[in-house]
Every structure is written in structure tokens, then in C-alpha cells.
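Because only heavy atoms are used, hydrogens play no part in the values below, and waters and symmetry mates are left out as well, while side chains stay in. Just so you know, residue 1 is the first one in the sequence shown, and it goes up from there.
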Amino acid sequence: MSTPYPFTAIVGQDDLRLALLLNAVSPAVGGVLVRGEKGTAKSTAVRALSALIPQVPVVPGCRFSCDPAAPDPACPDGPHEAGGGTARPARMVELPVGASEDRLVGALDIERALAEGVKAFEPGLLADAHRGILYVDEVNLLHDHLVDLLLDAAAMGASYVEREGVSVRHAARFLLVGTMNPEEGELRPQLLDRFGLTVEVAASREPDQRVEVVRRRLAYDDDPGGFAGRWADDEAALRARIVAARALLPQVRLGDGALRQIAATCAAFEVDGMRADIVMARTATALAAWAGRSDVLAEDVRQAALLALPHRRRRNPFDAPGLDEDKLDETLEEFGDDDPDPGPDGPGGGGGQPPKDGPGTPPQGDAGQGDAGRGDTPAEPQEAEGGRPQAAGGGEQQAVRAAEPFRTKVLSVPGLGEGAAGRRSRARTEHGRTTGARRPRGALTKLHLAATVQAAAPHQRARGRSGRGLVVRRDDLRQATREGREGNLVLFLVDASGSMAARQRMSAVKGAVLSLLLDAYQRRDKVGLITFRGKDAEVALPPTSSVDAAAARLERLPTGGRTPLAAGLLRAHDVLRVERLRDPARRPLLVVVTDGRATGGVDPLALASRSARLHAAEKTASVVVDCESGPVRLGLAGELARDLGGTAVTLDELRADSIAGIVRDVTATRRAA
């Protein structure tokens with residue numbers, strides 16, 4: 001077993017270390033979600049924490065780590081006699097992003113259950129993590145149903161496994177830690193709320209601190225054992241402090257004044273529900289115990305708010321997490337309490353800060369976005385070759401703000417896919433309604449009972465059946481086939497030329513694309529963004545799960561110049577070709593946002609038409625959002641949609657409350673093709 005990097009050797013990252021230590025003191029806080037860019041010691045800190053957790057007593061031979069002092073009466077390996085037991089280190093169990101549901105919660109042996117009537121259960125990762133740490137790296141990339149199972153178990157302290165009427169329940173209480181890079185996609189707000197605390201981490205910009213990080217890491221890589229030995233005393237002291245804080249925790253008093261401050265703070269920041277109040281109360285109590293005090297102070301409430309509230313204030317996926325500290329201070333002062341003076345500071349001083357082992361504290365990056373200015377009104381379109389309108393002006397226009405987003409009609413890919421679980425298009429999935437049965441490929445996971453009985457029934461006499469039981473062989477087993485929804489790759493191709501800037505249409509266009517991005521976020525899609533203007537097209541954002549990154553690129557999008565529509569279509573074709581090789585199961589949906597005009601070169605409309613037919617030849621599902629406005633309309637977007645083999649909708653028809661049935665139109669067009 002490799003030697004973990006010492007927790008006390010981590011440089012800076014005070015908020016991250018404090019959040020982890022508070023959960024080690026009081027697992028009831030509810031875990032930690034660590035958000036930050038790559039290379040910021042997220043995984044290192046979590047793995048280092050496991051060496052600090054005190055050993056746990058367990059019942060010998062129990063696969064579910066029952067406490068010998070209070071064994072679980074419903075333990076599948078029970079019943080256990082109280083008393084005795086052995087001590088072992090607390091486990092840190094890692095949940096891989098690609099894990100199956102059975103690997104997470106455990107699995108029943110279906111064959112033995114049917115043929116022998118034996119309830120044979122193999123524990124999963126939730127059982128392994130009981131009374132330890134469950135670590136999920138890149139938690140934002142987990143499939144939704146796995147996240148639901150994980151957080152339900154964390155909330156209830158138990159895991160339930162049900163297969164064809166056979167149920168198993170076992171205790172599953174663990175410290176849940178998730179790490180994620182926001183650039184790769186966000187968690188849904190309701191899932192964010194299930195993590196007790198959240199921490200934003202960023203690499204330090206101080207040269208001295210970065211030098212110290214590199215120096216320590218190189219020393220560890222050269223001699224892990226020797227490096228860990230040099231920090232052994234600090235590790236032992238920190239471990240002893242965790243034990244002391246755990247012992248003090250039941251004696252900490254959370255007074256009415258502190259409770260008023262907690263309730264007032266949650267109300268002032270308009271967080272949903274009551275979970276934030278409860279988490280703040282538990283966190284403030286753990287902070288007091290960590291500082292060696294028996295009373296919760298205003299500084300504990302303030303620190304608890306900074307850790308427990310930022311991720312609960314997001315109203316949509318494009319809101320940057322954070323907290324207005326001036327407003328926080330005003331609220332705490334207004335509802336200040338009259339609790340008694342705490343006396344001298346406990347171990348480590350007040351405020352609950354972790355020991356400062358590094359040269360300093362790295363700055364916590366500001367996730368906010370600057371405001372884009374509003375550009376001047378562009379000139380009207382001019383006439384181009386062949387009597388077609390031309391984009392006004394060749395210069396770049398300043399970026400404009402997006403109009404308010406709205407709820408859009410559902411755009412889906414026709415047919416039945418087999419892509420990653422999501423909420424957009426129909427697909428064969430592991431979860432959903434049962435549509436049929438087939439022979440299992442590999443391990444049986446979802447038994448189709450009726451089909452299995454039907455397959456076994458004709459062979460009962462030949463198999464010598466004499467009693468009432470059904471003689472079932474492996475060849476009789478049938479896997480249930482299910483239909484659910486998949487996530488798609490939604491590739492946006494946005495016209496940013498001068499013709500789109502005319503009459504300030506770009507604000508409405510950006511609002512429409514932002515609305516579609518919100519829809520893609522809710523449906524768990526990957527998104528990409530290509531823009532075309534001037535002489536060429538640009539991949540503003542390669543396909544990614546980070547919808548908010550696409551929104552940020554869109555906000556800064558400048559406009560102006562000619563309209564190289566063909567270049568945009570060809571660039572989209574190249575991007576989709578590469579993505580089909582990378583992820584063949586994820587079906588694409590091309591959304592072209594344009595008025596259909598094309599300028600530059602010889603016969604630009606004909607070139608755009610030929611480029612569009614490349615997409616039609618590969619049967620790429622497509623929608624053209626027609627942005628043409630004014631009393632005189634040329635209908636060029638409709639012609640482009642026909643060349644693509646897709647459908648065209650106006651900005652008004654894109655709204656969910658419009659009369660147009662976009663899903664029906666897209667499907668009908670593809671079937672006709």
C-alpha cells in the first residue's frame with residue numbers, strides 16, 4: 001500500500017482543510033463538495049484525510065462493519081452479539097465515475113435466488129464505506145441515477161437493494177466527499193443542496209507559496225516514506241485534536257442567539273428549504289468543538305455560513321457561487337446574540353481555522369463574470385452580389401447582453417439511441433419502462449421474470465421436474481430491455497455576422513441560445529459552440545459537459561463582418577466527425593442560429609447549400625432557428641433547413657408556450673427524409 005501524502009504537509013488551501021476536518025469531527029455535517037480547477041490538491045487532501053480518522057471497532061467477520069457496541073439488528077450478516085470486536089483503520093472507498101449501480105449498492109445472485117431460493121447478497125461500495133469515507137472524484141460526471149442512490153444513502157444512513165421482490169437493507173453511514181472541476185459540467189441544484197459544505201479552491205498566485213508546493217511534492221515523490229516520517233508528529237497532533245473535538249462535541253451549547261443568527265442569515269440569503277439552517281447549526285457546533293470551546297460564537301456562525309451557503313444560493317446553472325460578505329456581516333450584527341464570553345481560546349485559537357503549515361493562504365478565485373457592454377446600433381444590411389442582402393459593415397461590433405432566457409420547446413433526436421443517460425431523446429437504457437426481453441450479454445442485471453418462466457416452461461419434463469418448483473437453467477434467464485432517455489451532443493452554430501447585429505437582433509438571439517443552453521443543462525447534454533463571422537468560423541467551445549462555460553463564451557461573443565455560412569457548416573461537420581469517433585453512442589443535434597444569409601466568395605448560397613447537404617447525408621438531426629426579422633423576409637433559413645434535412649423554427653416558435661410543435665416537426669421531417 002502506497003504512503004499517502006501527509007495532510008499537514010498541504011500548503012495553504014485553508015478552507016478546504018477546514019471543511020474536511022469539520023466533517024471528520026462531526027460526520028453529521030453532511031460531507032464536502034470541493035470545486036476547483038485541476039491541479040489544486042483536491043484529491044490529495046481527501047486521500048490524506050483518511051489517515052487522520054480514528055480507528056473504528058468492528059464485529060469480526062461482518063462485511064458491513066457493524067459496531068460491536070451497538071450492532072445493526074437488520075445487518076444481513078447478523079444477528080451479532082453485543083460486545084467484543086476488533087479495531088481497524090477507517091476505510092476510504094473511491095467510487096469510479098463509470099461504476100455500475102450493482103457495484104455501488106451491491107447485487108443479488110439472481111440465479112441462486114430463482115433456482116435455490118437463496119438470498120445471496122454481495123455488498124457494494126456503500127457497504128465498504130460504512131463508518132469511513134466515500135470519495136467520488138469528478139462527481140459531476142456521475143450518471144444521475146448513481147448520484148441519486150448515493151445521496152439518498154447518505155441522507156438516510158442506510159442502503160436498500162431490491163431485486164424482483166427480494167429486499168436487503170444495511171447501514172451506510174459515511175463521510176461523503178466529492179470533487180469536481182466546474183469546467184467539465186455542473187451538478188444539478190437539488191444535488192448540490194445535499195452536500196453539507198462546499199469549498200472553492202484555486203492555485204495560489206504567490207510565487208513563494210508555489211515554490212513551497214513544488215519543493216514538498218518533489219521531496220515526497222523522491223522518498224514517500226521519509227517525507228511522511230518528517231510530518232509524523234504533526235499528523236499525530238492533528239489526529240489527537242480530532243479525537244478531542246469529537247469528545248467535546250456533545251457538550252457544545254448552541255444558544256438561542258446563535259440559532260437566531262443562523263435562521264436570519266439563511267432567510268436573508270433566500271436559500272430554499274431548511275437543510276441550510278440545519279447544516280449551519282451542525283457546522284457552527286463543530287467549529288466550536290474544533291476550537292476547544294463549549295459555546296458557539298458569532299464567528300463560528302459566520303464561518304459556517306461561508307462554507308454552507310454559497311452553493312445553495314444558485315438560482316440557475318449560470319449563477320456564480322459565492323456570498324456577499326458585507327451583507328453577511330450586517331445580518332450577523334443585526335441579530336447579534338448575548339451569549340457569554342467564551343473565555344480563553346481553546347486549542348488552535350478561535351475561529352475554527354486549521355493549523356497553518358504552508359507559507360500562506362492561496363487566494364480563492366472569483367468565479368464572477370464581468371458585465372459586457374452594449375454596442376451601438378449597427379447599420380442596415382446592404383446589397384451584395386446577386387441582389388442578396390449583405391451584412392452591414394466589415395468591422396467588429398461590441399458584444400451585447402443576452403435577453404432574458406425563457407423555457408423552450410423540447411428539441412430531440414428522432415429514433416432510439418443507446419447513449420449516456422440523460423433527459424432528451426428516447427434510448428435503450430438501464431432504467432426506464434420495460435419494453436421487452438433478450439438473452440443477457442454478460443452478467444444479468446435486470447431480470448425479466450415472465451420471459452424467464454416462459455423460456456424454462458417447455459423443458460420441465462425433460463429436466464426431470466418432480467416437485468412444485470421450476471427448474472431454471474442459465475440459458476432460460478432473460479434480461480429486461482428498458483427504454484428511457486439519453487443525453488445528446490447539442491452543437492450550436494451561431495451566426496455572429498453583421499446581418500445578425502442589424503436592428504440589435506443579437507440580444508434576442510443570445511437570449512434564445514442561452515435558453516437552449518439552460519434546456520441542455522437540465523437534460524444532461526454535452527454542448528459545443530461554433531460561431532461564424534468575417535472570413536471564417538471558429539470553435540468557441542469544443543464539446544463539453546460544462547454548459548455554463550458555453551454561456552460565458554456566448555456573453556462575450558462579438559458581432560460584425562460578412563457571413564461565411566458555408567465555413568460554419570463545414571466546421572460543424574468536422575467537429576461532429578471527430579465526436580462520432582470519440583463517443584459513437586452519443587447522438588448529435590445541430591442547432592443553427594441564423595437568418596440564412598450568406599456572403600463572401602462566388603455564389604456563397606450555393607456553397608452553403610452543398611455544405612448543408614453533407615450533414616443531411618450523414619442523417620444528423622438539425623434545427624434552424626430563423627432569426628430573420630422585418631416586413632420583407634427572404635425565407636433563406638427555411639431553404640437551409642431543407643438542405644440540412646431538418647426543420648426551421650422562428651424565435652417566437654422556440655418558446656414552450658408557442659403553438660408550434662417542434663418535436664413533431666423535427667421527427668416528421670427526419671422520417672420523410
What is the minimum heavy-atom distance between [X] and [Y], and which atoms define it?
X: Leu249; Y: Val25; result: CD2-O, 3.9 Å
X: Phe174; Y: Ala129; result: CB-O, 3.3 Å
X: Val199; Y: Ala19; result: CG2-CB, 3.6 Å
X: Ala276; Y: Leu309; result: CB-CD2, 3.8 Å
X: Leu142; Y: Pro96; result: CD2-O, 3.9 Å
X: His130; Y: Phe64; result: CD2-O, 3.0 Å

- request: Could you go through the side chain to side chain contact (heavy atoms under 4.5 Å, CB included) check for Trp290 and Ile242 one step at a time?
  value: CA-CA 7 Å; Trp290 178 247; Ile242 292 173; 3.9 Å; yes
message: Listing request: all salt bridge (charged side-chain N to carboxylate O under 4.0 Å, His left out) pairs with a residue in residues 53-77, at least two apart in sequence or in separate chains.
response: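 Counting only pairs at least two positions apart or across chains, the salt bridge (charged side-chain N to carboxylate O under 4.0 Å, His left out) contacts touching residues 53-77 are Arg63-Asp77, Asp67-Arg131, Asp72-Arg169.
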If you define the side chain from C-beta out and look only at heavy atoms, does anything of [X] sit under 4.5 Å from [Y]?
X: Thr179; Y: Tyr135; value: yes
X: Leu254; Y: Leu259; value: yes
X: Val136; Y: Leu150; value: yes
X: Phe227; Y: Tyr5; value: yes
X: Leu134; Y: Val177; value: no
X: Ile133; Y: Val93; value: no
X: Leu146; Y: Glu101; value: yes
X: Gln209; Y: Val11; value: yes

- prompt: Do other residues, nucleotides or ligands put more than 12 heavy atoms under 6.0 Å from Gln55 CD?
  reply: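 More than 12 heavy atoms, drawn from other residues, nucleotides or ligands, come within 6.0 Å of this atom.
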- prompt: Considering residues, nucleotides and ligands other than Asp233, do more than 12 of their heavy atoms fall under 6.0 Å from its CG?
  reply: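 Open.
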Quick check against the 3.5 Å criterion: does [X] have a side-chain atom that pairs as donor or acceptor with the backbone of [Y]?
X: Arg282; Y: Ile278; answer: no
X: Glu122; Y: Gly106; answer: no
X: His311; Y: Phe195; answer: yes
X: Arg173; Y: Pro27; answer: no
X: Arg210; Y: Ser204; answer: yes
X: His80; Y: Pro71; answer: no
X: Arg523; Y: Arg423; answer: yes
X: Arg482; Y: Arg428; answer: no
X: Lys327; Y: Ala268; answer: yes
X: Arg485; Y: Arg424; answer: yes

Carboxylate-amine/guanidinium proximity below 4.0 Å for [X] and [Y]:
X: Arg217; Y: Asp221; value: yes
X: Arg586; Y: Asp525; value: no
X: Asp137; Y: Lys42; value: no
X: Asp329; Y: Arg302; value: yes

[X] [atom1] to [Y] [atom2] distance, which is reported to the nearest 0.5 Å:
X: Gln261; Y: Cys266; atom1: CD; atom2: SG; answer: 12.0 Å
X: Thr198; Y: Leu306; atom1: OG1; atom2: CG; answer: 12.0 Å
X: Ser26; Y: Leu22; atom1: OG; atom2: CG; answer: 8.5 Å
X: Phe7; Y: Thr44; atom1: CZ; atom2: OG1; answer: 11.5 Å
X: Met280; Y: Leu307; atom1: CE; atom2: CG; answer: 9.5 Å
X: Leu18; Y: Gln303; atom1: CG; atom2: CD; answer: 5.5 Å

task: For the pair Leu125 and Arg103, evaluate side chain to side chain contact (heavy atoms under 4.5 Å, CB included) and give the outcome as yes or no after the intermediate values.
output: CA-CA 6 Å; Leu125 295 178; Arg103 184 71 185 100; 3.3 Å; yes
- request: Using the side chain to side chain donor-acceptor pair (under 3.5 Å) rule, take Thr8 and Glu235 through it: C-alpha gap first, then chi angles, then the decisive distance, then the call.
  value: CA-CA 6 Å; Thr8 50; Glu235 293 282 288; 2.8 Å; yes
- request: Show your working on side chain to side chain contact (heavy atoms under 4.5 Å, CB included) between His170 and Tyr160 and close with a plain yes or no.
  value: CA-CA 7 Å; His170 65 83; Tyr160 294 85; over 6 Å; no
query: Going through the distances and angles, do Leu197 and Leu33 end up as a side chain to side chain contact (heavy atoms under 4.5 Å, CB included)?
result: CA-CA 6 Å; Leu197 309 180; Leu33 175 64; over 6 Å; no
Using distance only, find each side-chain donor-acceptor pair of residues 47-54 under 3.5 Å and give its atom names and separation, not counting sequence neighbours.
{"residue": "Arg47", "atom": "NE", "partner": "Glu94", "partner atom": "OE2", "Å": "3.0"}
{"residue": "Arg47", "atom": "NH2", "partner": "Glu94", "partner atom": "OE1", "Å": "3.1"}
{"residue": "Arg47", "atom": "NH2", "partner": "Glu94", "partner atom": "OE2", "Å": "3.3"}
{"residue": "Ser50", "atom": "OG", "partner": "Arg47", "partner atom": "O", "Å": "2.7"}

Does the side chain of [X] come under 3.5 Å of the side chain of [Y] through a donor N or O and an acceptor N or O?
X: Gln13; Y: Asp15; answer: no
X: Thr3; Y: Tyr220; answer: no
X: Arg88; Y: Ser65; answer: yes

field: Given Leu248, Asp300, Val252, the one that forms side-chain contact (heavy atoms from CB on, under 4.5 Å) with Arg293
entry: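 With Arg293 as partner, Leu248, Asp300, Val252 yield a single side-chain contact (heavy atoms from CB on, under 4.5 Å), made by Asp300.
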